[in-house]
Number of protein chains: 2
Amino acid sequence: MAGTMQLTNVLKTLADPTRRAVFERILQEGEVAATGLVRGSKVSQPAVSQHLRALRDAGLVAERREGRHIHYRVAPKGLSPLIDWLGHYQTFWQERFENLERLLKESE
Amino acid sequence: MAGTMQLTNVLKTLADPTRRAVFERILQEGEVAATGLVRGSKVSQPAVSQHLRALRDAGLVAERREGRHIHYRVAPKGLSPLIDWLGHYQTFWQERFENLERLLKESE
DNA sequence: AAAACGTATAAGTAATTGCTTATATATTGT
DNA sequence: ACAATATATAAGCAATTACTTATACGTTTT
């Protein structure tokens with residue numbers, strides 16, 4: 001019952017495709033400055049900045065300042081609420097859905 | 001790249017706490033009629049009905065009509081987009097986050 | 001100190017969302 | 001046929017959201 005608000009926040013934050021794309025790009029690049037994210041983005045710099053704020057507030061990314069750049073990286077623990085939630089019902093998924101572990105392995 | 005829309009839909013659908021609570025109650029009860037879900041819910045019958053529609057559209061629940069009741073049950077495959085997405089980056093989670101499988105096992 | 005660069009915030013706006021009350025559509029029982 | 005039950009849809013509304021342009025803030029370079 002605890003952490004239901006954090007889970008809500010993580011889900012809401014990842015639910016927006018533009019913001020999720022930002023998250024995935026940070027994930028792929030490892031560490032990237034906001035400018036790098038704005039380039040090749042469909043939306044404006046402020047929009048990216050707002051998405052970064054949302055991702056940070058949800059605990060999904062962390063930042064590191066270096067000069068006038070701010071480098072963002074994924075904070076894997078931010079996904080805990082989501083993974084815990086799935087894990088909480090794993091028995092159910094397992095019973096009806098085969099083995100969740102195998103599924104996780106097979107994809108990709 | 002494929003199924004990004006389905007993932008968005010699943011995330012959006014689960015992001016609302018009221019709707020997620022409906023989903024979890026269906027999950028716990030196994031199979032339950034809409035009336036059963038309305039009782040003990042904070043929101044009105046139409047609100048529940050709208051949430052059920054959203055859950056069905058996202059592929060997260062299935063229904064079975066029996067007389068004037070409609071029984072809802074969870075459709076575990078509806079979570080595929082979410083699980084696949086997590087699985088797609090599993091290498092990353094694993095590296096930085098320990099073992100996702102173990103996490104899934106350990107939580108409850 | 002001034003200009004340039006990287007990022008964040010402010011203010012405004014159209015679109016979406018989650019609810020409500022009222023009403024419609026099934027299905028069953030009398 | 002009629003009333004009762006179970007569910008869905010319609011219409012309207014306040015709150016939220018994701019964007020935009022304009023501006024402020026912080027850091028570096030000259």
Side-chain angles (χ1 to χ4, degrees), chain A residues 4-26 29-75, chain B residues 4-26 29-75:
Chain A
T4 179
M5 215 162 143
Q6 293 175 39
L7 174 57
T8 297
N9 208 14
V10 168
L11 287 168
K12 264 192 196 164
T13 303
L14 292 174
D16 180 73
T18 308
R19 184 163 47 231
R20 197 171 62 248
V22 171
F23 178 75
E24 293 188 33
R25 262 193 78 192
I26 298 174
E29 309 225 12
E31 210 181 40
V32 59
T35 309
L37 293 166
V38 171
R39 302 205 334 186
S41 171
K42 278 289 181 188
V43 296
S44 66
Q45 177 267 320
V48 171
S49 182
Q50 284 156 22
H51 284 312
L52 288 171
R53 191 192 200 308
L55 288 166
R56 177 166 46 75
D57 288 352
L60 288 164
V61 303
E63 38 182 82
R64 175 178 64 87
R65 175 143 227 158
E66 191 179 287
R68 40 190 172 190
H69 295 74
I70 297 182
H71 293 86
Y72 287 90
R73 63 183 182 283
V74 164
Chain B
T4 179
M5 214 164 144
Q6 293 174 39
L7 174 57
T8 297
N9 208 14
V10 167
L11 287 168
K12 264 192 198 163
T13 303
L14 293 174
D16 181 74
T18 309
R19 186 162 47 232
R20 196 171 63 248
V22 170
F23 178 75
E24 293 189 31
R25 261 193 78 191
I26 299 174
E29 308 225 12
E31 211 181 37
V32 61
T35 310
L37 294 165
V38 171
R39 303 213 323 194
S41 171
K42 278 288 180 188
V43 296
S44 66
Q45 177 268 318
V48 172
S49 182
Q50 285 155 21
H51 284 311
L52 288 171
R53 191 193 201 307
L55 288 167
R56 177 165 48 74
D57 288 353
L60 288 166
V61 303
E63 37 181 83
R64 175 179 65 87
R65 176 141 226 160
E66 192 177 289
R68 39 191 172 187
H69 295 75
I70 297 183
H71 296 277
Y72 287 89
R73 64 183 181 282
V74 166

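Chain naming here is simple, since letters A, B, ... match the order of the sequence lines and numbering starts at 1 in each. These figures come from a predicted structure and were not determined experimentally.
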Nearest-Å distance for atom pair NE2/P, residues B/H69 and D/dA4
17 Å

Is atom CD of B/E24 surrounded by more than 12 heavy atoms (other residues, nucleotides or ligands) closer than 6.0 Å?
yes

Side-chain N or O of B/Y72 closer than 4.0 Å to phosphate OP1/OP2 of D/dA8:
yes

Can a donor-acceptor pair be found between the side chains of A/S41 and A/R25 at a distance below 3.5 Å?
no

Counting only heavy atoms not in B/E29, do more than 12 fall under 6.0 Å of its CD?
yes

Has A/R64 got more than 12 heavy atoms of other residues, nucleotides or ligands less than 6.0 Å from its CZ?
yes

With side chains defined as the heavy atoms from C-beta onward, is the minimum distance between A/V61 and A/V22 less than 4.5 Å?
no

For the residue pair B/D16 and B/H51, what are the closest heavy atoms and their distance?
OD2-CE1, 3.5 Å

Using a 4.5 Å cut-off on heavy atoms from C-beta on, say whether the side chain of B/E63 contacts that of B/L52.
no

Over how many whole Å does the gap from B/H71 atom NE2 to D/dA8 atom P extend?
12 Å

Here the pair of heavy atoms bringing A/A15 nearest to B/T8 is O-CG2, 3.2 Å

With sugar-phosphate taken as primed atoms, P, OP1 and OP2 and all else as base, the protein-contact string of nucleotides 20-30 of chain C at under 4.0 Å (heavy atoms; B, S, -) is BBB----BBS-

Sub-4.0 Å heavy-atom contacts from residues 14-22 of chain A onto DNA chain D, ordered by number
A/D16, A/T18, A/R19

I'd like to know if the side chain of A/R19 reaches the main chain of A/T13, judged simply by a donor and an acceptor atom lying under 3.5 Å from each other, with no hydrogens or angles considered.
yes

Please name the pair of heavy atoms, one in B/N9 and one in B/D57, separated by the smallest distance, quoted to 0.1 Å.
ND2-O, 3.9 Å

Among residues 52-61 of chain B, which contact DNA chain C at a heavy-atom distance under 4.0 Å?
none

note: A/K12, atom NZ; D/dT16, atom C1'; distance rounded to Å ~ 8 Å

